[in-house]
Asks: 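Starting off with a structure, shown below.
These values consider heavy atoms only, across backbone and side chains, with no hydrogens, waters or symmetry-generated copies. Here is the naming used below: chain letters follow the sequence lines, and residue numbers restart at 1 for every chain.
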Number of protein chains: 4
Amino acid sequence: MTTALNKYDMILKASLSLFTERGFDAATIPMIAKRADVGAGTIYRYFDSKETLVNVLYQESVQRFTKKVRKDFSSIPVREGFEHIFYCLIDFTKESEYALFFLETKKNSHYLNQTSRQLLDQLLHMLDDFFKRGKSEGVIRSLPSNVLIAIVLGAFLNIYQLVQAGDVEINAELITELEQCCWDAIKLH
Amino acid sequence: MTTALNKYDMILKASLSLFTERGFDAATIPMIAKRADVGAGTIYRYFDSKETLVNVLYQESVQRFTKKVRKDFSSIPVREGFEHIFYCLIDFTKESEYALFFLETKKNSHYLNQTSRQLLDQLLHMLDDFFKRGKSEGVIRSLPSNVLIAIVLGAFLNIYQLVQAGDVEINAELITELEQCCWDAIKLH
Amino acid sequence: MTTALNKYDMILKASLSLFTERGFDAATIPMIAKRADVGAGTIYRYFDSKETLVNVLYQESVQRFTKKVRKDFSSIPVREGFEHIFYCLIDFTKESEYALFFLETKKNSHYLNQTSRQLLDQLLHMLDDFFKRGKSEGVIRSLPSNVLIAIVLGAFLNIYQLVQAGDVEINAELITELEQCCWDAIKLH
Amino acid sequence: MTTALNKYDMILKASLSLFTERGFDAATIPMIAKRADVGAGTIYRYFDSKETLVNVLYQESVQRFTKKVRKDFSSIPVREGFEHIFYCLIDFTKESEYALFFLETKKNSHYLNQTSRQLLDQLLHMLDDFFKRGKSEGVIRSLPSNVLIAIVLGAFLNIYQLVQAGDVEINAELITELEQCCWDAIKLH
DNA sequence: TATGAATGAGTGTTCATTCAT
DNA sequence: TATGAATGAACACTCATTCAT
């Protein structure tokens with residue numbers, strides 16, 4: 001069921017897609033206003049600046065993903081935990097094809113503020129805890145967690161960009177295999 | 001040993017680093033001129049436009065990498081071939097910390113011209129041939145080649161961004177293990 | 001009576017005077033903006049480019065003059081027809097001291113577009129018809145029409161530039177005599 | 001017989017043609033250098049600035065024309081004197097198709113210096129003397145001399161622009177008739 | 001509340017001018 | 001003497017932001 005979005009959400013939606021398609025700097029306020037079907041001035045009723053807007057978007061993404069991953073996360077076996085994480089990524093992208101915007105954004109991007117960086121750190125920290133457990137249990141390679149995360153998220157993100165570009169068609173079977181790929185990459189053989 | 005660079009190379013170097021750090025649109029000509037220690041006008045003696053500049057950079061990167069990978073590539077065992085590719089990536093980034101610029105650039109970026117896209121396609125096609133062989137020999141997972149490439153390059157790129165950011169220190173041991181990670185991700189178990 | 005002009009008209013007025021005074025290339029957008037008392041960016045809300053602006057001005061001038069000349073034009077005696085044309089020129093310059101901008105603009109100016117050139121051609125074609133009639137009736141010299149037109153408009157334009165410069169004061173008597181001068185130049189004696 | 005021109009003359013020739021074709025502001029130093037087949041820097045060995053260059057050109061033109069017109073000028077009948085002036089114009093344009101550059105240049109052009117304006121004034125003053133005599137002898141209309149001059153030069157210039165554009169082919173017969181036209185315009189009937 | 005006309009700082013780019021060779 | 005690489009001020013133009021309506 002599609003609901004009529006309020007202007008706030010229309011602006012968020014439009015800017016998310018434009019930031020993803022063209023990058024922060026090449027996505028202009030007039031473009032966003034047009035896609036959101038609002039006046040350019042209206043954007044400033046909801047967001048202090050273009051920078052605020054992108055940070056709201058970033059933080060909202062990270063937080064929503066963090067919340068999703070955290071759910072019932074710490075008490076399950078490592079292999080299942082990894083599956084959980086992977087399917088959270090899948091789910092997340094299903095909710096919006098641009099939802100992974102925060103993964104494409106380099107942490108030191110000139111427009112990210114401290115809060116955005118801290119929220120990403122929180123997410124990474126949580127994943128770090130999980131990977132630490134996996135390493136201590138001897139099921140995951142003894143590599144630094146940020147490297148393990150980089151491998152999985154990097155692989156996932158690149159695949160998803162193929163999907164977004166229409167170069168790959170996604171289905172349940174493929175997802176299962178990709179999950180196994182990513183797990184194979186980090187598990188201790 | 002530092003060599004005196006000519007202005008052409010200074011401009012290329014400065015713009016490569018700025019494009020990598022801030023993206024094409026946020027890297028301004030005045031910034032590039034300042035970092036290259038030349039006047040803004042000088043850039044236009046060597047490059048028709050900012051767009052030309054980024055495409056020269058992109059194409060030079062892709063071509064240099066393609067040349068490096070292609071060397072003695074087709075007649076070796078798949079496992080060794082993969083190792084070759086991986087160490088090319090390592091080598092390449094050692095030559096310049098920004099050398100993988102073209103991997104960070106989305107193929108549909110608004111500033112890439114047709115030639116740039118074609119050169120990337122040639123590289124991907126070459127890798128596709130390799131992965132096809134691996135699949136037909138039953139040593140690599142039967143996933144589309146672009147997916148396999150996305151996994152390996154995505155993982156590598158994300159790791160390398162950690163290195164660039166100073167979050168991870170690279171050494172021979174780590175490299176060996178990362179290579180194994182990436183191979184494990186795509187090999188048929 | 002001075003009426004409050006809207007910004008569009010203020011920009012047209014300011015640029016017309018500056019183009020006339022300094023020429024297209026030496027009249028800069030900042031100058032035009034200042035004289036029109038608007039921001040530089042505002043000019044681009046109304047005109048796509050400086051080139052568009054000059055062509056709008058040119059075409060508007062030509063069309064307004066063409067319309068004025070055409071009125072009840074074909075059925076009157078040649079001598080009266082000529083008088084009509086001459087007094088149209090006078091009237092036209094009275095409406096705006098810069099109205100003859102299009103006569104000062106060389107047809108092959110690098111900034112004129114095809115439409116502008118076509119509109120001038122239409123005007124000249126109309127005058128050509130008139131002069132043809134004059135020649136066939138044996139009251140006008142049998143010179144090519146474009147030469148006859150060049151004589152009259154060239155003479156008129158140069159005189160008017162004196163008026164604009166303040167070197168000559170215009171009055172009804174002078175106008176009468178000038179009209180006779182121009183007619184004498186082309187009539188068959 | 002064509003003589004190898006020295007660089008000074010090559011620069012003058014090239015800039016004269018470019019100033020005529022495109023106007024002072026749209027004719028760039030690189031363009032002039034290229035057409036003159038010299039380096040851009042060389043122009044500055046001969047002329048202090050672009051403005052100096054255009055003024056040298058202007059003054060040289062005016063002076064050469066003034067000299068030509070002045071020759072045996074004061075003691076002949078008015079009608080013959082006019083013919084002399086007219087054929088000087090013809091001669092002058094035959095020497096160089098761009099020689100009348102100074103007639104196309106508005107006296108208050110932003111790049112003309114005082115000397116240029118004074119030299120033009122001298123020429124006009126000389127013509128003024130001639131027209132005064134014509135008026136006192138009752139053979140020329142009693143209009144201000146600058147108006148009489150404007151008529152003749154305006155007509156001539158406009159015709160010559162047609163010739164330059166290739167729209168009219170000039171020949172002895174046409175010249176004779178044009179001279180008569182111009183004389184008819186100003187003579188007292 | 002919502003708009004979009006208006007703004008001017010800042011962009012990519014050009015070009016008159018300088019100067020080392 | 002002659003050059004053209006180098007420069008930076010100034011150009012045409014864009015766009016984040018403001019504000020009267």
Asks: Look at the side chain of D:Thr42 and decide which nucleotide, out of F:dT3, E:dT13, E:dC15, has an atom nearest to it.
Replies: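 So the nucleotide nearest the side chain must be F:dT3.
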
Asks: Is F:dT21 paired to anything, Watson-Crick or G-U wobble with both distances less than 3.5 Å, and if yes, which nucleotide?
Replies: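 Partner of F:dT21: E:dA2.
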
Asks: Round to a whole Å and report the spacing from NZ of C:Lys34 to P of E:dT7.
Replies: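 Those two atoms, NZ and P, are 15 Å apart.
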
Asks: In whole Å, what is the span from the CZ atom of A:Arg22 to the P atom of F:dT14?
Replies: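 Roughly 14 Å, once rounded to whole Å.
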
Asks: Using a 4.0 Å heavy-atom cut-off, does C:Ile29 contact any base of the nucleic acid, only the sugar-phosphate backbone, or nothing at all?
Replies: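 It contacts sugar-phosphate atoms only.
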
Asks: Rounded to whole Å, how long is the line connecting atom OH of D:Tyr46 with atom P of E:dA16?
Replies: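 Whole-Å distance recorded here is 20 Å.
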
Asks: Could you give the CD-to-P distance, from C:Glu51 to F:dC11, as a whole number of Å?
Replies: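 Computing the C:Glu51:CD to F:dC11:P distance gives 18 Å.
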
Asks: Mapping C:Gly39 and B:Gly41 onto DNA chain E by nearest heavy atom, which one lands closer to the 5' end?
Replies: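 Per heavy-atom nearest nucleotide, the more 5' residue is C:Gly39.
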
Asks: What is the distance from CZ of D:Phe47 to P of E:dT17, rounded to the nearest Å?
Replies: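 D:Phe47 atom CZ is separated from E:dT17 atom P by 13 Å.
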
Asks: Would you indicate which nucleotide in F:dG4, E:dA2, E:dA16 comes nearest to any side-chain atom of D:Pro30?
Replies: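 For D:Pro30, the side-chain atoms sit closest to E:dA16.
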
Asks: Pairing donors with acceptors under 3.5 angstrom, does anything connect the side chains of D:Tyr98 and D:Gln164?
Replies: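 No, D:Gln164 and D:Tyr98 have no side-chain donor paired with an acceptor closer than 3.5 Å.
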
Asks: Across the strands shown, which category fits A:Ala26 at heavy-atom distances under 4.0 angstrom: base, sugar-phosphate, nothing?
Replies: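 No contact.
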
Asks: Do B:Ser116 and B:Tyr58 have a side chain donor and acceptor closer than 3.5 Å?
Replies: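 Side chains of B:Ser116 and B:Tyr58: no pair found under 3.5 Å.
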
Asks: Tell me which of C:Asp25 and A:Asp48 sits closer to the 5' end of DNA chain F, going by the nucleotide each one is nearest to.
Replies: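 The 5'-side residue here is C:Asp25.
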
Asks: Rounded to the nearest angstrom, tell me the gap between atom CZ in D:Arg45 and atom P in E:dT17.
Replies: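 Whole-Å distance recorded here is 16 Å.
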
Asks: Any side-chain to backbone donor/acceptor pair from D:Ser15 onto D:Ile11? Under 3.5 Å, distance only.
Replies: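 A pair under 3.5 Å: yes.
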
Asks: What residue among D:Thr66, D:Val62, D:Asn55 forms side chain to side chain contact (heavy atoms under 4.5 Å, CB included) with D:Leu119?
Replies: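 Answer after filtering D:Thr66, D:Val62, D:Asn55: D:Val62.
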
Asks: So, is B:Tyr44 close to the E:dT14 phosphate, meaning a side-chain N or O under 4.0 Å from OP1 or OP2?
Replies: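 The answer is no; no side-chain N or O of B:Tyr44 sits under 4.0 Å from OP1 or OP2.
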
Asks: Can you tell which of F:dT3, F:dC13, E:dT17 lies closest to the side chain of C:Ser49?
Replies: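 Looking only at side-chain atoms, C:Ser49 lies closest to F:dC13.
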
Asks: Tell me the interatomic distance from D:Phe19, atom CZ, to E:dA16, atom C1', rounded to whole angstroms.
Replies: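 Interatomic distance, CZ of D:Phe19 to C1' of E:dA16: 12 Å.
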
Asks: Rounded to the nearest Å, what distance is computed from the CE atom of residue B:Met31 to the P atom of nucleotide E:dG10?
Replies: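 Distance check: B:Met31 CE to E:dG10 P gives 11 Å.
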
Asks: Please tell me which of the listed nucleotides, E:dG12, F:dT3, E:dT7, lies nearest to the side chain of B:Thr28?
Replies: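 Nearest to the side-chain atoms of B:Thr28, counting from C-beta on, is E:dG12.
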
Asks: For a quick check under 3.5 Å, do B:Thr20 and B:Ser17 share a side-chain donor-acceptor pair by atom type?
Replies: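 Note: B:Thr20 and B:Ser17 side chains miss the donor-acceptor criterion.
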
